[in-house]
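Note sheet for the following structure.
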Amino acid sequence: MPVHNKEIADLFDELADLLEIEDSNPFRVRAYRNAAHTIRNHAENMADLIEHGSDLSKLPDIGNDLAEKIKTIVETGRLPLLEKVHSRTPAALGRIMEIRGLGPKRVKALHEKLKIKSMDDLKHAAHTGKIRKLDGFGKKTEQMIKNRVKEFTQSEERIKLNEAEDIATPLRAYLKESKGIKNLTIAGSYRRRKETIGDLDILVTARKNTDVMERFVAYDEVKEIISQGETRSTIRLRSGISVDLRVVPEESYGAALHYFTGSKAHNIAIRKMALEKKLKLNEYGIFRGKKRIGGNTEKEVYAQVGLPYIEPELRENRGEVDAAKENKLPDLVTLKDIRGDLHCHTKATDGKHTLKEMAQAATKRGYEYFSINDHSEHMAMAHGLSEKRLLEQMEEIDRLNEILADTVILKSIEVDILRDGSLDLPDRVLKELDFTVGAVHSKFNLSRTQQTERILRAMDNPYFNILAHPTGRLINARTAYAINLEKIMRGAKERGCFIELNAHPDRLDLTDDACIVAKEIELRVAISTDAHSISGLNSMRFGINQARRGWLEAVDVINCQPLKELKRLLNRR
DNA sequence: GCCGTTTTCGGCCCGACTGTTTTCAGTCG
């Protein structure tokens, strides 16, 4: 089992935390954090890159030293420098530093003065009143530590984008009723439409006499007010999520929106360009000396550094700044570009609505086409279709297509990829369909090589068209099964198959990075909802969000093509 | 420890809020 990128990134992050506690050179600390970020977000495995002899020091924020350390980790699973640091500074201190309000300086003081080496030591010290006696600590800090240690055992995972929307939508409506409010935008990773959100950053412009701050901290769902000021407050909601509210002057809205939308890495890159032009960029505007020369809109900010507007979904410092410089930004796909849905279920298997109801809903959405892809028989728990039931469904589709003038229903199936890579229906049945979507629903724990081979063998079947939810992950619930995704994507390209970006907010699989790889190898993608009900069709927008984060344009997406072109693409014979 | 059209040395973002201070260090984003 190769070392995963996350494990390498975690080791570097832990090292950075411990070095920070030891008061090392802060820029060295940051270098480890930057490298961890690069590794964690890189689409290809470091282990694979090393195996193929790639030069890791070509990656951003990775130099010769770190390239060597990554190699050591991949080969031995160990980071000797971290082990050396552990002998001086206990590993648990890194975890203690994750408690909000405890940074490197305080953790160092706790360790040196009170000999705290573990979370239990910390808890004990707080409960026996030892912490309040330390220089720079007081009663409030001690109480804060008591509270947070208790909560810390609860997981602090990021929430899914749809969950964030469910929290943000009523809060936004509530804040909009404040006096004197002008603009309100939820910035941060929410605006960049990341698949998961750590916290919400709300940005507001308002008249001087606004009561938005008072209303904010008085919101019914508030569990804890973490900080409260005139221009910035932070609360924690009962759901566990933190929310920041910032109030800025109207003329600073663009600069503030840019600043608080991030990502941090993107902002640093833009600020650097500003510095090169002897300009200063902060959340209040863009300045030449003391003179403010822009910042009312984001477009102005970009224009002042000599760039076209960059869409929020691209702002991850993954090449968008260079692309903007060369005027080569992608023309990102939008919801309007979608002409149909290529993965939907009905009541015949595990869906909620009938074929006719789903078809009418697709028409209502203005789709030119859509397909029915119920499960095949192997999915017994979903009451998968037998050959006979599938043939009956196909006849029903023929009848409906006679009646429905606006939307063409395509005949399809979500056919199970069996253990040996064969498909769950014979070719003589598959060939009667307009196309097929193949999926892995069983044997998730095959080795990486076996799982990859299994899927490639399935794609050898000439009636295989689209690989559904290619890694099987469920965000925050189930990790992806082990596969060499790039090999599978290259295999799909060679065979004339396509890969699905599953738009369900629990799945969103392909990831944004995988979309970028797909685009690079010119493998086209189907953005499909996997709808099990009429409302499931609404998930398309989450798929669009993810596709945009993955730099995809309408031309890269097969269900943005007219029916005639789609049919041509789906015909491998 | 990384990086480079100020390039192998000398930079590396900075403003708001809190708590413990009596003028500011620590933390966070």
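- Interface remark: the Arg271(A) side chain does form a donor-acceptor pair with the dC13(B) base, using a distance-only criterion of under 3.5 Å.
- In this structure, the nucleotide among dT18(B), dC28(B), dC2(B) sitting nearest to the side chain of Gln228(A) is dT18(B).
- With respect to the salt-bridge test (charged N to carboxylate O, under 4.0 angstrom), the residues Arg318(A) and Glu316(A) do not qualify.
- The pair Glu311(A)-Arg191(A) fails the salt-bridge criterion, with no side-chain N (NZ, NE, NH1 or NH2) lying under 4.0 Å from an Asp/Glu carboxylate O.
- One interatomic measurement links the two molecules: CD1 of Ile225(A) to C1' of dG19(B), which rounds to 17 Å at whole-angstrom precision.
- Here the side chain of Lys264(A) is nearest to one of dC13(B), dC28(B), dC2(B), namely dC13(B).
- With 3.5 Å as the limit, one finds a donor-acceptor pair spanning the side chains of His266(A) and Glu320(A).
- If you run ring-ring contact (aromatic ring centres under 6.0 Å, His included) between His258(A) and each of Tyr302(A), Tyr253(A), Tyr309(A), Tyr284(A), only Tyr302(A) comes through.
- Two residues are said to be in side-chain contact when any heavy atoms from C-beta on lie closer than 4.5 Å; Leu552(A) and Leu332(A) fail this criterion.
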I'd like a list of close polar pairs between nucleotides 9-12 of chain B and the protein, N/O only, cut-off under 3.5 Å.
residue : atom : partner  : partner atom : Å
dC12(B) : O3'  : Arg30(A) : NH1          : 3.2

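- The nucleotide whose nearest atom lies closest to any side-chain atom of Arg106(A) is, among dT27(B), dG15(B), dC2(B), dT27(B).
- Listed candidates were dC17(B), dG1(B), dC13(B). Nearest to the side chain of Ser227(A) is dC17(B).
- Checked against dG26(B), dG1(B), dC13(B), the side chain of Tyr259(A) finds its nearest nucleotide in dC13(B).
- In the displayed structure, Lys108(A) atom NZ is contacted under 6.0 Å by more than 12 heavy atoms of other residues, nucleotides or ligands.
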